K.L.:
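Starting off with a structure, shown below.
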Amino acid sequence: MRLSLVTALTLLLLWTLVAQVNHALAELRVYLFVGSLFVIFAALKLPLRSGLGASLLSGLLCDANSPVDFGTHTLLFAAAHAVVFHLRDRLPRDDTIARLIVALLTNLALFLVFSFIQIARSPAPAAAWPRLIADLVCSQVFLALIAPWVFALQHRALVLTGTTRELTP
């Protein structure tokens with residue numbers, strides 16, 4: 001339980017920072033989506049129960065402040081967590097570059113799923129794709145820049161709270 005709460009608190013900080021950056025970029029009509037950062041560390045480093053709990057809590061947090069159906073983030077973060085958790089034995093989990101690549105691929109998948117879910121509600125779906133592609137490119141660049149910091153923050157928070165002995169090897 002402590003692993004889930006400590007990780008969720010770091011994700012709350014991430015959510016706050018990304019919300020502030022999106023607020024600053026609003027006049028440029030750019031939206032940054034970094035949904036994979038809410039899932040990757042928990043899926044690669046934490047036990048299934050603790051990691052899934054952190055992913056579900058972060059999904060609920062994202063759902064609370066998004067104009068999508070409630071539960072969308074939670075369901076998709078849980079699905080992404082399950083997929084990455086299932087593949088984690090085949091990935092070098094301690095390598096930052098590997099985690100970054102997994103985060104970029106997961107973010108791409110989550111962004112596309114969210115886009116296809118929401119594009120059906122648009123009056124002109126084809127007109128939205130250029131903006132979505134621009135948002136995706138900006139999101140991926142932003143994610144590549146901040147992901148190492150987020151991974152280090154999450155690991156350091158677990159070290160400071162003394163919960164690293166509970167991590168899976």
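Note that the structure is predicted; figures quoted are calculated from it, not measured.
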K.L.:
Using 30° and 60° as the class limits, which term best fits the ring planes of W129 and F116: parallel, tilted or perpendicular?
P.N.:
tilted

K.L.:
Mind running side-chain contact (heavy atoms from CB on, under 4.5 Å) on L44 and L91 for me, showing each step along the way?
P.N.:
CA-CA 9 Å; L44 290 177; L91 302 169; 4.0 Å; yes

K.L.:
Does L17 reach the side chain of V21, with side-chain heavy atoms less than 4.5 Å apart?
P.N.:
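A side-chain contact under 4.5 Å is absent here.
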
K.L.:
With ring centroids as reference points, do H73 and F114 lie under 6.0 angstrom apart?
P.N.:
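Aromatic pair counts; centres sit under 6.0 Å.
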
K.L.:
Quick check: do F41 and T10 have side-chain heavy atoms less than 4.5 Å from each other?
P.N.:
no

K.L.:
Please tell me if the side chains of I119 and L132 come closer than 4.5 Å, counting only heavy atoms from C-beta onward.
P.N.:
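Answer yes - side chains close enough.
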
K.L.:
Please round to the nearest 0.5 Å and tell me the distance separating atom CG of L25 and atom CZ of R29.
P.N.:
13.0 Å

K.L.:
Nearest 0.5 Å, please: how far is CG in L48 from CZ in F85?
P.N.:
4.5 Å

K.L.:
Nearest 0.5 Å, please: how far is CG in L61 from CG in L12?
P.N.:
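That separation rounds to 5.5 Å.
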
K.L.:
Looking at side-chain heavy atoms only, is the closest gap between L46 and L158 below 4.5 Å?
P.N.:
yes

K.L.:
Decide side-chain contact (heavy atoms from CB on, under 4.5 Å) for C62 and F38; before the verdict, give the C-alpha distance in whole Å, the side-chain angles of both, and the deciding distance to 0.1 Å.
P.N.:
CA-CA 9 Å; C62 292; F38 292 98; 3.9 Å; yes

K.L.:
Are the side chain of D135 and the backbone N or O of L32 linked by a donor-acceptor pair below 3.5 Å?
P.N.:
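Absent.
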
K.L.:
With distance as the sole test, does S55 use its side chain to make a donor-acceptor pair with the main-chain N or O of H81 at under 3.5 Å?
P.N.:
no

K.L.:
Let me confirm one number: the CG-OG distance from L110 to S36, rounded to the nearest 0.5 Å.
P.N.:
6.5 Å

K.L.:
Under the criterion side-chain contact (heavy atoms from CB on, under 4.5 Å), I'd like the reasoning laid out for V18 against F33: C-alpha separation, chi angles, the key distance, then a yes or no.
P.N.:
CA-CA 8 Å; V18 172; F33 176 78; over 6 Å; no

K.L.:
Would a 4.5 Å heavy-atom cut-off, applied to side chains only, mark V113 and I117 as touching?
P.N.:
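Yes, side chains in contact.
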
K.L.:
Between the main-chain N or O of S139 and the side-chain N or O of N107, is there a donor-acceptor pair closer than 3.5 Å?
P.N.:
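Judged by distance alone, no pair lies under 3.5 Å.
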
K.L.:
After noting the C-alpha distance and the side-chain angles of L160 and V6, does the key distance pass the side-chain contact (heavy atoms from CB on, under 4.5 Å) rule?
P.N.:
CA-CA 10 Å; L160 287 173; V6 170; over 6 Å; no

K.L.:
From F77 CZ over to L57 CG, what is the distance, rounded to the nearest 0.5 angstrom?
P.N.:
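Atom-to-atom, F77:CZ and L57:CG are 12.0 Å apart.
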
K.L.:
Do the side chain of S50 and the main chain of P47 share a donor and acceptor less than 3.5 angstrom apart?
P.N.:
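No.
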
K.L.:
Could you tell me the separation between the CG atom of L108 and the CG atom of L104, rounded to the nearest 0.5 Å?
P.N.:
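The distance works out to 9.0 Å.
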
K.L.:
Would you call V83 and H86 a side-chain contact if the rule is heavy atoms closer than 4.5 Å?
P.N.:
no

K.L.:
When you measure from the side chain of R88 to the backbone N and O of A43, does any donor-acceptor pair fall under 3.5 Å?
P.N.:
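Between the backbone of A43 and the side chain of R88 there is a qualifying donor-acceptor contact (under 3.5 Å).
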
K.L.:
Please check if V39 and L60 belong to a single hydrophobic cluster, counting links between Ile, Leu, Val, Met, Phe, Trp and Tyr side chain heavy atoms closer than 4.5 Å.
P.N.:
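Different clusters: V39 never reaches L60 through Ile, Leu, Val, Met, Phe, Trp or Tyr contacts under 4.5 Å.
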
K.L.:
Counting C-beta onward and ignoring hydrogens, is there a side-chain heavy-atom pair between V137 and Q140 closer than 4.5 Å?
P.N.:
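When only atoms from C-beta onward are counted, Q140 and V137 do not touch, as no gap falls below 4.5 Å.
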
K.L.:
Between R99 and D94 (salt bridge meaning N to carboxylate O under 4.0 Å), is one present in this structure?
P.N.:
no

